[in-house]
Amino acid sequence: MQMRIQKLLRRFDITSEREEYTTIHDTVESGIEFKGTNLWILIFAIFIASVGLNVNSTAVIIGAMLISPLMGPILGMGYSIATYDFPLFKKAFVNYFFAVLAGLLTSAAYFLITPIYQAHSELLARTQPNIYDVIIALVGGLAGIVALSSRNKGNVIPGVAIATALMPPLCTAGYGLATAQWPFMFGALYLLTINTVFIGSATLLTVRLLRYPIRNYADQDQRRFANRWVSIIVVVTVIPSLYYGYLLVKKENFIQNANNFIANESYIEGDFLLKNELIPQKREIKLTYGGKTISQDEKARLDKRKSIYGLADAKLVIEQGFSISDVSSNLTQDELYRAQINQLKNELSIALQKRDSLSQQEKLGGSLLRELRPLFPSVNYCSAKRQQFFSANNKTSNYTVVVIGTDNPRQTTRELTRLTAWMKVRLKTDSLKVFLERSK
């Protein structure tokens, strides 16, 4: 039995595959500096990642992570602290700070000039880090330094670069800086800090466990000082992630419980569930029904049932999308369904009419311009839309606002009275505001 255990333990032994210490040191040191080739590769990777985040392309973002050299200084900081090589730590820290600053400014420059400002899911995912990001960074860092220490590196280092995702949060911080969205910037920088601290910490632990030789002499006070600061930084970094992880678990539990509640309890005889909406931040469930009027007793029944699903403190909002008159209670089930279908058709018809009306309003300026040009040749363009005006005394008024562009404002101004009168007849309204501006 003991022989089998020893044989099993030998499978986990990595000392036989370990690279020479001098080779490991040279590899770590060569990956620290950011100048020449490394700097240009970083800039290119930043641009690629920024474009990927901008167009919401996962494949492009992965490509940027594969070519990014950003992990080198982080491994260098962890390795240098573990071996008490403080000059190497200073060199790694300075290069890492320079790389982060260069990446932040490069991504901010890109997001300042890009015409796409929409924050897509790939970008939003880097703004709310939690304890799971800590676990990924820690395990990824362990994989990275173990691979670096081995003669059989394989494709582990690129995989670690993808898993720990150093590049996207840096670009997201650049997006936040460029668009002045500070929650995005600080959330992304916090994720970058998590990755940096725990990749470095994993490197430190591994180097210590594998008993790498101490590069520089350090007395007990220096060692104690270094270890104390590492512990403080780790604790300060991890505490907010625990809180955000708790919020994430709470949110996911609410969504799962709420979906179970909707699936099992939302049926009301004579009604159709038209829409459901979950608002985890407020722990609120919104249910919108169509059909017969829902009684207060029925609402109270559903509200009471939610406690079975761990939702006692959740707020249940039941809304009536449309209701059939209580007279329908005398109808048969088939007649009730037909009445509900007719009601749905009416609702759909009204919605389509509103859509067509809005579509016609959007095209109104073009129709007016075609009719204006023969009467007022100086008019070059026209825009018209129904708008609501708010006054200081809390009164509101509705006007049709018409903006007319002309290359001869003086002549058009002289004709403004006639033009306004024509507009009122054409648009069949006295609530009209006409604005003139010079054509550009």
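All values derive from a computational prediction rather than experimental measurement.
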Could you pull out all residues at least two apart from Y309 that satisfy side chain to side chain donor-acceptor pair (under 3.5 Å)?
E265
For A314 and K306 the tightest heavy-atom approach is O-NZ, 2.9 Å
Under the side-chain contact (heavy atoms from CB on, under 4.5 Å) rule, what do R301 and R305 come out as? Steps first, then yes or no, please.
CA-CA 6 Å; R301 181 189 69 81; R305 295 287 295 175; 4.3 Å; yes
Please find the pair of heavy atoms, one from I41 and one from I67, that lie closest to each other, and give the distance.
CG2-O, 3.0 Å
Measuring from atom CG of N227 to atom CD of Q222, what distance do you get when rounded to the nearest 0.5 angstrom?
11.5 Å
Can you tell me which residue pairs pass the ring pair (Phe, Tyr, Trp, His ring centres under 6.0 Å) test with a partner in residues 25-75, sequence neighbours excluded?
H25-Y79, W40-F44
To the nearest 0.5 Å, what is the distance between CG on L287 and CG on L302?
7.5 Å
Apply side chain to side chain donor-acceptor pair (under 3.5 Å) to residues Y289 and E298 and explain how you reach the verdict.
CA-CA 12 Å; Y289 288 90; E298 196 67 54; over 6 Å; no
Nearest heavy-atom approach of A384 to V402 is CB-CG2, 4.1 Å
Hey, what do you get for OG1 (T206) to CD1 (I145), rounding to the nearest 0.5 Å?
6.5 Å
From L205 CG over to L138 CG, what is the distance, rounded to the nearest 0.5 angstrom?
7.5 Å
I74 vs L166 side-chain heavy atoms within contact, under 4.5 Å:
yes
Do we see a donor-acceptor contact under 3.5 Å between the side chains of T179 and Q181?
yes
Distance in Å, I194 CD1 paired with I199 CD1, rounded so as to fall on 0.5 Å steps
11.5 Å
Ignoring hydrogens, what is the shortest heavy-atom contact between G174 and L104? Give both atom names and the distance.
N-CD1, 3.5 Å
Nearest heavy-atom approach of P213 to T83 is O-CG2, 3.7 Å
Within-4.5 Å side-chain heavy-atom neighbours: N259 and L278
yes
Any ring pair (Phe, Tyr, Trp, His ring centres under 6.0 Å) involving residues 188-214? Give me the pairs, sequence neighbours left out, ordered by first then second residue.
Y21-Y212
Heavy-atom side-chain contact between T406 and N380 under 4.5 Å
no
Mutual orientation of the aromatic rings belonging to F93 and F89 [parallel < 30°, tilted 30-60°, perpendicular > 60°]
parallel
Nearest 0.5 Å, please: how far is CG in L70 from CG in N95?
11.0 Å
Pairwise side-chain contact, I81 with F86, heavy-atom cut-off 4.5 Å (strictly under):
no
Kindly determine whether D85 and I214 satisfy side-chain contact (heavy atoms from CB on, under 4.5 Å), including the steps that lead there.
CA-CA 8 Å; D85 191 344; I214 303 300; over 6 Å; no
Could I get the full list of side chain to side chain donor-acceptor pair (under 3.5 Å) partners for D313, not counting sequence neighbours?
R283
So, S241 and N130: side-chain donor and acceptor under 3.5 Å apart, yes or no?
no
What pairs with S201 under side chain to side chain donor-acceptor pair (under 3.5 Å), at least two apart in sequence or on another chain?
none
For side-chain contact (heavy atoms from CB on, under 4.5 Å), just list the numbers for F254 and L311, CA-CA rounded to whole Å, side-chain angles, deciding distance to a tenth of an Å, and then say yes or no.
CA-CA 8 Å; F254 170 78; L311 300 167; 3.7 Å; yes
Contact check, side chains of T400 and S431, non-hydrogen atoms, under 4.5 Å
no
Heavy-atom check, side chain of I285 versus side chain of N276, under 4.5 Å
no
Applying side-chain contact (heavy atoms from CB on, under 4.5 Å) to K90 and L88, what does each step give before you reach the verdict?
CA-CA 5 Å; K90 182 180 178 181; L88 183 64; over 6 Å; no
S50: side-chain contact (heavy atoms from CB on, under 4.5 Å) partners, not counting sequence neighbours
I46, S107, Y110, F111, C171
Test item: V317 and T288 side chains (from C-beta on) under 4.5 Å apart, heavy atoms:
no
Which heavy atom of N38 sits nearest to which heavy atom of S30, and what is that distance?
ND2-O, 4.3 Å
V403 vs K385 side-chain heavy atoms within contact, under 4.5 Å:
no
Should K91 and E33 count as an ion pair when the cut-off is N to O under 4.0 Å?
yes
